[in-house]
Amino acid sequence: MADELAVNRDQCMGSGQCTYYAPNTFALDEEDIATVIDTSGDSAGKIQQAIDVCPTRSITRTAKRE
């Protein structure tokens, strides 16, 4: 089961680091703001790395509740 991922659109500066480290999970939209395209698109490690390198700390991950 995939965790829930969210991007704070007000904080995101569109650096694209998340799309570099987890390209199957994150993309930049037409405003160059990160979006989640598939919560399980990349391995948990790659997603965590994308979260860790985000310069504005705009990505959050929470455990999905059943």
Side-chain angles (χ1 to χ4, degrees):
M1 176 185 335
D3 291 340
E4 293 182 15
L5 296 170
V7 176
N8 182 325
R9 293 185 58 82
D10 294 328
Q11 275 181 229
C12 179
M13 63 182 241
S15 73
Q17 292 296 305
C18 57
T19 64
Y20 177 80
Y21 288 98
N24 299 307
T25 302
F26 300 100
L28 296 181
D29 67 11
E30 61 281 346
E31 297 174 13
D32 287 331
I33 300 296
T35 62
V36 178
I37 56 172
D38 184 353
T39 58
S40 57
D42 292 287
S43 69
K46 286 184 176 185
I47 293 170
Q48 187 59 52
Q49 192 169 19
I51 292 168
D52 292 343
V53 301
C54 177
T56 58
R57 301 290 184 242
S58 298
I59 305 167
T60 56
R61 179 189 344 210
T62 54
K64 192 178 227 181
R65 295 184 177 182
E66 292 185 42

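Side chains are part of it too, since the values below use all heavy atoms of this structure and drop only hydrogens, waters and symmetry mates.
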Could you pull out the closest heavy-atom pair between Thr62 and Asp3, with the gap in Å?
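Taking Thr62 first and Asp3 second, the nearest heavy atoms are O-CB, 3.3 Å.
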Taking all heavy atoms of Ile51 and all of Ile59, pick out the closest pair and write down the distance.
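Ile51 and Ile59 have their closest heavy atoms at CG1-CG2, 3.6 Å.
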Under 3.5 Å, which donor-acceptor pairs do the side chains of residues 8-15 form with other protein atoms, sequence neighbours left out?
unit_1 : atom_1 : unit_2 : atom_2 : d
Asn8   : OD1    : Asp10  : N      : 2.9
Asn8   : OD1    : Gln11  : N      : 3.1
Asn8   : ND2    : Gln11  : OE1    : 3.1
Arg9   : NH1    : Asp29  : OD2    : 2.8
Arg9   : NH2    : Asp29  : OD2    : 2.9
Arg9   : NH2    : Glu31  : OE1    : 3.2
Gln11  : NE2    : Thr56  : O      : 2.8
Gln11  : NE2    : Arg57  : O      : 3.4
Ser15  : OG     : Gln17  : N      : 3.4

Those residues that, when tested against Glu30, pass salt bridge (charged side-chain N to carboxylate O under 4.0 Å, His left out) (two or more places apart)
none
Any chance you could pull the hydrophobic cluster mates of Val53, using side-chain heavy atoms under 4.5 angstrom and chaining through other members?
Tyr20, Tyr21
Phe26-Ile37 co-clustered via ILVMFWY side chain contacts under 4.5 Å
no
Would you say the side chain of Thr39 lies within less than 4.5 Å of the side chain of Thr25, judging by non-hydrogen atoms?
no
Sequence neighbours excluded, the answer for side chain to side chain donor-acceptor pair (under 3.5 Å) partners of Asp32 is none
Before giving the answer on side chain to side chain contact (heavy atoms under 4.5 Å, CB included), spell out for Leu5 and Thr60 the whole-Å C-alpha distance, their side-chain angles and the decisive distance to 0.1 Å.
CA-CA 6 Å; Leu5 296 170; Thr60 56; over 6 Å; no
In residues 43-50, what donor-acceptor pairs under 3.5 Å come from side-chain atoms, sequence neighbours left out?
unit_1 : atom_1 : unit_2 : atom_2 : d
Ser43  : OG     : Lys46  : N      : 3.2
Gln48  : OE1    : Arg61  : NH2    : 2.8
Gln48  : NE2    : Asp52  : OD1    : 2.8

Assess the side chains of Asp38 and Asn24: does a donor N or O sit below 3.5 Å from an acceptor N or O?
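Judged by distance alone, the side chains do not pair up.
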